[in-house]
Amino acid sequence: MAIQEVFVPDIGNFENVDVIEVHVKAGDSIRVDDALITLESDKASMDIPAPFAGTVKEVKIKVGDKASQGTLIALVDVDDIMQDARKALAVTAPVVTSVATAEIPPPSKPVEEVPKPIPPQGTPNPVAARAEFAPGKNPHASPSVRKFARELGADLTRISGSGPKGRITKEDVQAWIKNELSKPRAEGMASSAGLSVQAMPNIDFSQFGEVETQPLSRIKKISGANLHRNWVTAPHVTQFDQADITDLEDFRKSMQDEAAKRGVKLTLLAFLMKAVVNALRAYPHFNASLSADGSELILKKYYHIGFACDTPDGLVVPVIRDVNKKDVLDIARELGELSARARERKLKVEEMQGGCFTISSLGGIGGTAFTPIINCPEVAILGVSRSSLQPVWNAQTKTFEPRLILPLSLSYDHRVIDGADGARFTSHLRVMLSDVRRLLL
Ligand code: CAO
């Protein structure tokens, strides 16, 4: 064991270069090639590697100092000076990352003097560093930070640097990894593994005009995470169709007063629920869920139907249980009660669980069609838009007749449901809704 001084080696034409990082402290064990400090000029940043292994006794330099060839970096208690000195001959050249590709310092010794070094695994040599990061796309980071990021699998192009001139520091990499790990994951969905999307840029919108920042409601945060998972994990297809509900609406209106006497608002949605259950019975694959690992289809023998309900705090989906066992008036009563409680934030968690299929009706608001997002692990959702009077050709009378047409938008999970079945399902709904007598069967 012997105390050795470690100096900044020949760094070409650079003098009085900024020390931007100090990677070691007294007491650290170091190996040959471990980065001791990082220097940065206008043109390049470079790590100064340890010429031998040992234990750092004292660090003689700090961030913000200026360094040139010969500046003392540290005192090191060397393990085996002879052995390490031999290794050092091969690898003590500073590891440079080009910021601008010009003016990389030439090697301090003629290449023939030493055998060509084989850089230890994971340590970039200057050429590799330049080749890996094309100018213009090159994230600004020192070689040691690059190595650190590479070891952790962090993509430097996605990390913003907080150091001078936007340089990415080790702390930036750590914070990015921490943030990535804390993002909500699609638990239990085998198909969600390996998703990698580019981070949203962090933009200061106030540079373009006046802004106001509001926190998202709790419901929006939760439903947003679920919607995002469902959108990216289930391959969606939306089948559009139209149902002639002229007779159904006539019937509904004729029953409205009677329903009102029983304290019920008889809405179209109650009839839609009945029609959906009928279609689910005809096409059982729609009343199913994929197992979490995606290897099995779980068919349900019950018919609990959810409906999207717009509340001041965001979207919630209350569930009406056993719709197959209830009549239209019972369903309408429950719809009214559940949506009123949803808007008063009085729904219990269990009243939003166990759904087999969801209906999202925007008919009371407007629109001609939309693409609803499946409420996974359900495999389909029915979107309903505003009905309107349309001229429909009657082949028997050879005339156009005004008919009330309801637009349907069925989104389904293509892993479970084929396109042909998607079209069959909406055709079935169309038939059920166009002849109200069938719904009562
Ligand atoms: N076409 C034309 N008019 C319609 C209609 C349709 N498809 N559906 C409903 N209406 C009419 C109703 O007849 C009612 O008119 P009257 O007051 O004159 O009777 C009016 O629109 C309002 O209906 P409603 O909202 O009281 O009742 P509903 O059963 O249609 O809807 C509910 C209940 C809870 C679904 C609804 O209030 C709601 O929250 N909708 C928004 C759902 C949503 O946000 N979906 C998007 C989720 S993202 O996929």
Side-chain angles (χ1 to χ4, degrees), residues 217 219-220 222-231 234 236 238 240-260 263-276 305-320 323 328-347 351-352 355 357-376 378 380-390 402-413 426 429-430 433-434:
S217 72
I219 289 180
K220 274 221 159 76
I222 295 170
S223 64
N226 285 337
L227 287 165
H228 184 214
R229 178 201 58 195
N230 300 348
W231 179 248
H236 282 60
T238 305
F240 300 103
D241 214 329
Q242 295 181 326
D244 182 337
I245 57 163
T246 314
D247 298 339
L248 172 55
E249 273 298 89
D250 286 346
F251 176 69
R252 186 179 74 87
K253 283 182 180 149
S254 73
M255 295 298 293
Q256 255 176 341
D257 286 348
E258 197 176 320
V264 176
K265 185 179 178 196
L266 186 57
T267 66
L268 178 63
L269 192 52
F271 290 92
L272 287 168
M273 290 228 163
K274 276 308 239 191
V276 159
I305 309 298
F307 63 100
C309 184
D310 183 31
T311 79
D313 292 326
L315 181 70
V316 293
V317 183
V319 175
I320 300 194
V323 171
V328 174
L329 277 179
D330 287 336
I331 297 166
R333 179 181 291 108
E334 260 191 75
L335 272 171
E337 287 169 3
L338 283 171
S339 37
R341 280 202 287 120
R343 287 176 183 131
E344 292 160 12
R345 305 181 199 178
K346 287 185 181 157
L347 276 186
E351 287 174 316
M352 293 181 277
F357 183 99
T358 298
I359 302 176
S360 176
S361 172
L362 291 172
I365 301 167
T368 53
F370 64 108
T371 52
I373 297 177
I374 302 164
N375 192 13
C376 296
E378 295 168 18
I381 180 169
L382 180 68
V384 181
S385 298
R386 193 168 192 76
S387 58
S388 61
L389 275 176
Q390 305 275 334
R403 306 293 294 179
L404 192 62
I405 303 299
L406 181 72
L408 305 174
S409 311
L410 175 85
S411 291
Y412 56 85
D413 185 337
T426 58
L429 278 178
R430 186 157 39 82
L433 293 169
S434 61

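Bear in mind the structure is a predicted one, so any value in this text is a computation, not a measurement. Counting starts at 1 for both ligands and their atoms, in listed order. Along the sequence shown, residues carry numbers from 1.
- Ionic pairing of R252 and E249 is present here: one or more N-O contacts between side-chain nitrogen and carboxylate oxygen are shorter than 4.0 angstrom.
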Candidate pair V323 and V276, rule side chain to side chain contact (heavy atoms under 4.5 Å, CB included), full reasoning: CA-CA 10 Å; V323 171; V276 159; over 6 Å; no
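- Classified by interplanar angle (parallel below 30°, tilted 30° to 60°, perpendicular above 60°), the ring pair F251/F271 is perpendicular.
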Worked verdict on L408 versus L382 for side chain to side chain contact (heavy atoms under 4.5 Å, CB included): CA-CA 7 Å; L408 305 174; L382 180 68; 4.1 Å; yes
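- Remark: the T246 side chain and the D244 side chain contain an N/O donor-acceptor pair separated by less than 3.5 Å.
- Counting heavy atoms of neighbouring residues, nucleotides and ligands inside a 6.0 Å radius, atom CD of E258 does not exceed 12 of them.
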Contact table ligand 1 N or O to protein N or O, d under 3.5 Å:
| residue | atom | partner | partner atom | Å |
| --- | --- | --- | --- | --- |
| ligand 1 | 1 (N) | S387 | N | 2.9 |
| ligand 1 | 1 (N) | S387 | OG | 3.1 |
| ligand 1 | 7 (N) | S385 | O | 3.0 |
| ligand 1 | 17 (O) | K265 | NZ | 3.4 |
| ligand 1 | 26 (O) | K265 | NZ | 3.1 |
| ligand 1 | 29 (O) | T267 | OG1 | 3.3 |
| ligand 1 | 37 (O) | R343 | NH2 | 2.8 |
| ligand 1 | 39 (O) | D310 | N | 2.9 |
| ligand 1 | 39 (O) | R343 | NH2 | 2.9 |
| ligand 1 | 40 (N) | S361 | O | 3.1 |
| ligand 1 | 45 (N) | S360 | OG | 2.9 |
| ligand 1 | 49 (O) | S360 | OG | 3.2 |

